[in-house]
Amino acid sequence: MEDGSTLKENALKKALFAWEHANPKSWVMADDTGLFIDALNGAPGVRSSRWAGDSATTEAITKYTLKQLERVTDRSATFETVVAVISPEGEQHFFSGKVHGKILEAPRVPPQPKMPYSPIFVPDGTDLVWAEMTIEQENGISHRGKAFRQARDFLCEQV
């Protein structure tokens, strides 16, 4: 299902699937997230969960990412989430959250389940990788948190 060329396309595709199957029609939302590494021309981007192969493990994706960055000095990267919200009438709304940071040269801790970048991504303004943060710390600054707070605020105004 995540075969779009942008996060927005993928989030919309998932939200449309839910909306088309909702009976009666209701508010639905879906998201897509990617990691965009500057030195790799934005890769892995929309393929963040599969760029080491469709069946690659969390650990394999972490290792693959570090291999791609061997001998690379610019390790800046951005996590982005796009949330698509569709109203019962079919109106589409989009919300985005970004977190800039850098990729370490090696994992500091084991990755969180199904989160291959959690032991190697340090968000700007902190010295911790995602996997070292509490849920509260992560939610307070994360790309997903930013996008979903925007969606929540929008929905609170609508309903």
Side-chain angles (χ1 to χ4, degrees), residues 1-18 28-85 93-156:
M1 183 176 281
E2 294 180 334
D3 57 2
S5 61
T6 66
L7 299 176
K8 183 177 179 179
E9 285 178 25
N10 286 338
L12 178 59
K13 190 172 189 178
K14 291 185 263 187
L16 282 170
F17 179 85
V28 298
M29 74 170 71
D31 72 301
D32 197 33
T33 296
L35 174 65
F36 300 84
I37 301 172
D38 295 344
L40 302 179
N41 297 316
V46 296
R47 294 196 40 84
S48 293
S49 65
R50 330 175 275 295
W51 84 311
D54 288 342
S55 60
T57 65
T58 298
E59 292 77 10
I61 297 169
T62 303
K63 288 178 185 176
Y64 183 80
T65 302
L66 294 175
K67 179 82 172 154
Q68 301 308 305
L69 289 170
E70 282 182 354
R71 295 180 292 281
V72 172
T73 55
D74 177 9
R75 301 177 80 82
S76 58
T78 302
F79 263 109
E80 182 177 6
T81 294
V82 174
V83 174
V85 175
H93 307 274
F94 299 92
F95 307 91
S96 176
K98 293 183 180 183
V99 171
H100 302 283
K102 67 179 179 181
I103 305 291
L104 298 177
E105 292 184 11
R108 274 200 203 147
V109 295
Q112 296 164 313
K114 299 190 186 272
M115 298 184 74
Y117 310 105
S118 64
I120 58 173
F121 182 81
V122 178
D124 287 350
T126 181
D127 293 326
L128 302 175
V129 296
W130 289 130
E132 294 174 310
M133 294 182 189
T134 65
I135 295 294
E136 293 78 17
Q137 288 173 313
E138 185 176 346
N139 287 343
I141 65 169
S142 81
H143 45 292
R144 280 191 179 98
K146 290 175 183 179
F148 276 102
R149 281 189 291 277
Q150 291 172 35
R152 177 200 60 205
D153 293 347
F154 169 77
L155 287 169
C156 285

Which heavy atom in [X] sits nearest to a heavy atom in [Y], and how many Å separate them?
X      : Y      : value
Ala106 : Leu66  : CA-CD1, 4.0 Å
Asp124 : Gly101 : OD1-CA, 3.2 Å
Lys14  : Ala30  : CB-CB, 3.6 Å
Pro111 : Glu59  : CG-OE2, 4.0 Å
Pro119 : Leu104 : O-CD1, 4.2 Å
Ala131 : Pro110 : CB-O, 3.7 Å

Side-chain ([X]) to main-chain ([Y]) donor-acceptor, under 3.5 angstrom:
X      : Y      : value
Thr62  : Pro116 : yes
Arg75  : Lys102 : no
Gln150 : Ser96  : yes
Asn10  : Gly4   : yes
Ser48  : Leu35  : yes
Tyr64  : Ala56  : no
Thr126 : Val122 : no

[atom1]-[atom2] distance between [X] and [Y], expressed to the nearest 0.5 angstrom:
X      : Y      : atom1 : atom2 : answer
Ile103 : Thr65  : CD1   : OG1   : 7.0 Å
His100 : Phe36  : NE2   : CZ    : 11.5 Å
Thr78  : Asp38  : OG1   : CG    : 5.5 Å
Arg108 : Asp127 : CZ    : CG    : 7.0 Å
Lys146 : His143 : NZ    : NE2   : 10.0 Å
Trp130 : Met115 : CH2   : CE    : 8.0 Å

Query raised in the report: Heavy-atom distance under 4.5 Å between the side chains of Leu40 and Trp51, does that happen here?
Result: yes

Requested in this report: Please examine the side chains of Ser118 and Val129, heavy atoms only from C-beta on, and report whether any two atoms are closer than 4.5 Å.
Outcome: no

Query raised in the report: Does the pair Asp54 and Arg47 meet the rule for a side chain to side chain contact (heavy atoms under 4.5 Å, CB included), with working shown?
Result: CA-CA 10 Å; Asp54 288 342; Arg47 294 196 40 84; 4.1 Å; yes

Requested in this report: Give the intermediate values and the outcome of side chain to side chain contact (heavy atoms under 4.5 Å, CB included) for residues Lys98 and Glu80.
Outcome: CA-CA 4 Å; Lys98 293 183 180 183; Glu80 182 177 6; 3.5 Å; yes

Requested in this report: Determine whether the side chains of Thr81 and Asp31 contain a donor N or O and an acceptor N or O closer than 3.5 Å.
Outcome: no

Requested in this report: Evaluate the side chain to side chain contact (heavy atoms under 4.5 Å, CB included) criterion for residues Phe17 and Val28: first the C-alpha distance (whole Å), next the side-chain angles of each, then the deciding distance (0.1 Å), finally the verdict.
Outcome: CA-CA 10 Å; Phe17 179 85; Val28 298; over 6 Å; no

Report task. Using the side chain to side chain contact (heavy atoms under 4.5 Å, CB included) rule, take Phe95 and Met29 through it: C-alpha gap first, then chi angles, then the decisive distance, then the call. Result -> CA-CA 10 Å; Phe95 307 91; Met29 74 170 71; over 6 Å; no

Query raised in the report: Taking the six-membered ring for Trp, are Phe79 and Phe121 parallel (under 30°), tilted (30 to 60°) or perpendicular (over 60°)?
Result: perpendicular

**Report entry** Member of Val85, Val83, Leu12 meeting the side-chain contact (heavy atoms from CB on, under 4.5 Å) criterion with Phe94
**Finding:**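 That would be Leu12; it is the only one of Val85, Val83, Leu12 passing the side-chain contact (heavy atoms from CB on, under 4.5 Å) with Phe94.
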
Query raised in the report: So with a 6.0 Å cut-off around CD of Glu105, is the heavy-atom count from everything else above 12?
Result: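 Result for CD/Glu105: open.
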
Report task. I would like to know whether Asp3 and Lys13 meet salt bridge (charged side-chain N to carboxylate O under 4.0 Å, His left out); could you show each step before the answer? Result -> CA-CA 9 Å; Asp3 57 2; Lys13 190 172 189 178; 2.5 Å; yes

